[in-house]
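Residue numbers start from 1 in every chain, and the chains themselves are labelled A, B, ... in the order their sequence lines are given, proteins ahead of strands.
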Amino acid sequence: MSEVERIILADLTAPQREAVTHIDGPLLVLAGAGSGKTRTITRRVAWLIANGVSPRSILAVTFTNKAANEMKERVEALMTPLDPDGWGGRPTVATFHSFAARILREFHEKVGLGADYSIYDQSDRTRAIKLATERIGLDPSNFPPADLESVISGQKNQLVEASEYAKTAGQGLFRDRKLADIWTEYEKVLAEADAVDFDDLLLRLAKLLRDDAAFRSAMNERYRYVLIDEYQDTNRAQYQIAHELTREHRNLCATGDPDQSIYGWRGADIDNIMRFERDYPGTKVVRLEQNYRSTKRILAAADALIKNNVKRKHKGLWTENAEGDRIEVVRVTDAEAEAELLADRIAAAQAGGLAFGQMAVFMRLNALTRVLEQSLRRRSIPYQIARGVSFYNRKEIKDAIAYLRLLVNPDDRIALERIVNTPPRGIGKTTVDRLAEYAGAAGISLWDAAARVGSDAPALTASGGDPATVDTALIERLGRGAAAVRRFVTLVESMGAEHETCTGVQQIVEGVLSDSGLAAMCKDDEQASANLAELITAAGEYDRDSGFEATLGDWLRDVALVSDVDAIDPEVGAVTLMTLHAAKGLEFPLVFIVGCEEGIIPHRRDDSVRDIEEERRLFFVGITRAMRRLVLTHAAIRMLHGKTDPREPSAFLSELPAAVLDVKDQSEPVHDTFQPGWSRQWNGGGSRGGWQKRPAEETASDDFAELKRGSALYTGGGRGMSRADLEGIGRAEQESSQASNWPIGTLVRHAKFGVGKVMKVTPSGPYTKATIDFKRGGIKAVIMEMAPVERVEG
DNA sequence: GGTAATCACATTTTT
DNA sequence: TGTGATTACC
């Protein structure tokens, strides 16, 4: 064994070594929670390279950017001593989607795409589907885009395309036939816009690999060793990609844990991992069952729970870690009591020496965070939330990206429609409709139609088409709108011309933000401006990382596939609040899981439980994130969707072995608040009765106002909370009392508008918005903390 | 074209 | 209950 090999294996266990040293042929690593999976994978990559495999022929695929980045870093760390300059190349580490996007870009002619095709995210897709629905003369309110989205996405994940679906739906119900029609039209919208949606990335690559033997061979040749992480979460399309990529050499290494499959509802098929050995005869199977993360008791609880799942590969998790504390199961009265308990415990843990960053609170539903946030804020406990809505979903960012997308791909209709009147420039719905009508009749894109209204500069051509010819009839029909359209076309063209002269993406972004008027539009909105500034920064980072080699198109492709769970930063020194789904892959010394109640976890919608085993796996994931201490809470009553109901403890709690639990009941007796009269009132006429909270308590404070102020402070940051945000908390707390400083009727003097009277006061984010009736200047809405106003006595 | 009022909506959401 | 999104209205 070489010195390098010895180093690679030095601190590994026997099963880990077995996985690492496996070179050729299919390999399945069943890695239990906390069993050192990532370490094993990265070491195996190093091992392959140490054994003569070229780094360039290794492909590692993950599901999240975060996982990909982490793996990249760790592989880099291992490789630097072997090849400091990277001359031997580096393995390809990518997410399924970014890998597909890259390959489709490289072979774009093969799939009929342009080199700079657009990638549509969920909101683009919604708009496109809506457009398609309207175009075939149906009303989107009868055919909600959301319904179609889930069907289309589900089908695409199963490798079913519109044409095939139309065939089967042809005989079916009216609704299904219409759905097929909309889908077909949606594909047209995409094609005209030279765009694909997320699912297409996978679908197209999968089909190309499957149907084009030469292409497949080339890919098999290029990537001799393929690793797929979180294999239990692969859907049909991803399965197919993995399969075809390795069809000729069968060097596929899948790692995952069936017990942590929690994305079935997104099309992930747990059977992909369950039948791996059947799919790949001769598979070497390695089980990593030693857990390095949790205490014995926590592991015992997790193990006892997951044993209730029938559909499962047996795996016995064990650990050499300490016995640890018992798992606390606490029953509280309601969500408010739960939040108080949480804040108490967090404060106590911190006093005991645990940093806030080492604690996490998990929940099944995002809706549960509200009350929690409130109480954490009251106690000045810093926290960060992983929310679905992310930086790149913010309006101003989407607008900016839309401008940039338009420069690269003028046919991108969704991008065009998004910004054609943002900021407002007199191109309303009517004008766009007329243009669209013309475009449809002429068989050209919306941009080309706009270009025919004319401009000073030579037209920006769509996909190499002819420069647009000016159409006077069209101009006449647009009337007043024509001039506005012309100005818009000129603007975009000049931005396009300017972008040619830029070095680096950052310059382009800066130019577009100022030229488009977006920056000016956002200048009064501090948060929006900050976000735009951050976009510029992100572009700058990208430039530096790529050595100023990458194009705007490259960046846009990258950005389209970025989500923001990456924003969760364990270093930030704040308690982490997140859903159980978001928790996968993380670990914390102290974990709370709130809302452990029937109907919440397992979640029940209407009266059907979708898949109780998946819910159990989700709970399992939550439990196994805990390293040392775990607290599970459930409330006796809880309000959800405006309805307060009595709650039963989750059945999952009773599946945990009593020996490792410390069960407490801190709930107040509920019978003395039994108020049948109120019950009806508070239940919205529900006849279930009982167990209601006193209305007086419910409405006692102006918690709502406080909540609104706070939520902007905490969730408005987009990319999570910065240190400055955290330090701002105390200040904001104090300022929050300002609402009462401006009672209605107060006389104020404004530097510009003179004297006025406060008519109305409402909280607005962290600020106080007041409506003031000025003697000169009339009624204005003013942010009291920012406007030059002062109180006038008398 | 911008704001006010009303209305549906409310699991999870790697990309 | 609370929101975000559409619709109605100046």
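Tested against A:Met363, the residues A:Val594, A:Ile593, A:Leu580 include a single side-chain contact (heavy atoms from CB on, under 4.5 Å) partner, A:Val594.
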What do the steps show when you test A:Arg638 against A:Glu336 for salt bridge (Lys or Arg N to Asp or Glu O under 4.0 Å), and what is the final call?
CA-CA 9 Å; A:Arg638 184 187 298 273; A:Glu336 286 72 23; over 6 Å; no

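Residue A:Glu615 places its side chain closer to B:dT11 than to any other of C:dG2, B:dT11, B:dT14. Here C:dT1 is the nucleotide among B:dT11, C:dT1, B:dT13 with the atom lying nearest to any side-chain atom of A:Met639. Each of B:dT11, B:dT14, C:dG2 was ranked by its minimum atom distance to the side chain of A:Arg370; first place goes to C:dG2. Nearest nucleotide to the A:Tyr263 side chain, out of B:dT14, B:dG1, B:dT12: B:dT14. For A:Asn366, the side-chain atoms get nearest to B:dT12 when compared with the rest of B:dT12, C:dT1, B:dT14.
Rounded to an integer number of Å, the gap from CZ of A:Phe619 to P of B:dT12 is 18 Å. Whole-Å rounding puts the A:Leu640 CG to C:dT3 P distance at 15 Å. Protein atom CE of A:Met521 is 13 Å distant from nucleotide atom C1' of B:dG2, rounded to whole Å. Separating the CD atom of A:Gln374 from the C1' atom of C:dG2 is a distance of 13 Å, rounded to the nearest angstrom. If you take CE of A:Met363 and P of B:dT11, they are 15 Å apart, rounded to a whole angstrom. Rounded to whole Å, the distance from CG on A:Leu580 to C1' on B:dT13 is 14 Å. Residue A:Asn69 contributes atom CG, which lies 13 Å from atom C1' of B:dT14 at whole-angstrom precision. Between the CZ atom of A:Arg617 and the P atom of B:dT11 there is a distance of 21 Å, given to the nearest Å.
Note on A:Thr579: a side-chain N or O is less than 4.0 Å away from OP1 or OP2 of B:dT13. OP1 or OP2 of C:dG4 has not a single side-chain nitrogen or oxygen of A:Lys395 nearer than 4.0 Å. The shortest distance between the side-chain N/O atoms of A:Asn65 and the OP1/OP2 oxygens of B:dT14 is not below 4.0 Å. Side-chain N/O atoms of A:Asn235 include none lying less than 4.0 angstrom from OP1 or OP2 on B:dT14. When the side-chain nitrogen and oxygen atoms of A:Asn421 are compared with OP1 and OP2 of B:dG1, one or more of them lie within a distance under 4.0 Å.
Annotation: ring pair (Phe, Tyr, Trp, His ring centres under 6.0 Å) contacts of A:His634 (sequence neighbours excluded): none. Taking the salt bridge (charged side-chain N to carboxylate O under 4.0 Å, His left out) definition, one finds that A:Arg418 meets it with A:Asp399, sequence neighbours left out. Under the rule for a salt bridge (charged side-chain N to carboxylate O under 4.0 Å, His left out), A:Arg127 has no partner lying at least two apart in sequence or in another chain. Residues satisfying the ring pair (Phe, Tyr, Trp, His ring centres under 6.0 Å) criterion with A:Phe592, sequence neighbours excluded, are absent altogether. Applying the salt bridge (charged side-chain N to carboxylate O under 4.0 Å, His left out) rule to A:Arg625 yields no partners; only residues at least two apart in sequence or on another chain are considered. The salt bridge (charged side-chain N to carboxylate O under 4.0 Å, His left out) search around A:Arg557 returns A:Asp116, A:Asp554, not counting sequence neighbours.
Across the C1' atoms, C:dA5 and B:dT12 are found 22 Å apart, a figure rounded to whole Å.
Aromatic stacking is not marked for A:Trp265 over B:dT13, as the cut-offs of 5.5 Å for the centres and 30° for the planes do not both hold.
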Table of protein N/O atoms under 3.5 Å from nucleotides 6-10 of chain B N/O atoms:
from: B:dA10; atom 1: OP2; to: A:Arg605; atom 2: NH2; distance (Å): 3.3

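The stretch residues 422-435 of chain A touches DNA chain B through A:Pro424, A:Gly426, A:Ile427, each having a heavy atom under 4.0 angstrom from the strand.
Under 3.5 Å, the side chains of A:Asn65 and A:Thr95 contain no donor-acceptor pair of N or O atoms. No hydrogens or angles considered: a donor-acceptor pair under 3.5 Å links the side chains of A:Asp412 and A:Tyr120.
When heavy atoms are screened at a 4.0 angstrom cut-off, A:Lys130 is found touching the sugar-phosphate backbone but no base atom. If you check every strand for non-hydrogen atoms under 4.0 Å, A:Asp121 touches nothing.
Both A:His97 and A:Leu365 lie close to DNA chain B; mapped to their nearest nucleotides by heavy-atom distance, the more 5′-ward contact belongs to A:Leu365.
Legend: salt bridge (charged side-chain N to carboxylate O under 4.0 Å, His left out) pairs involving residues 262-273 of chain A, not counting sequence neighbours: none detected.
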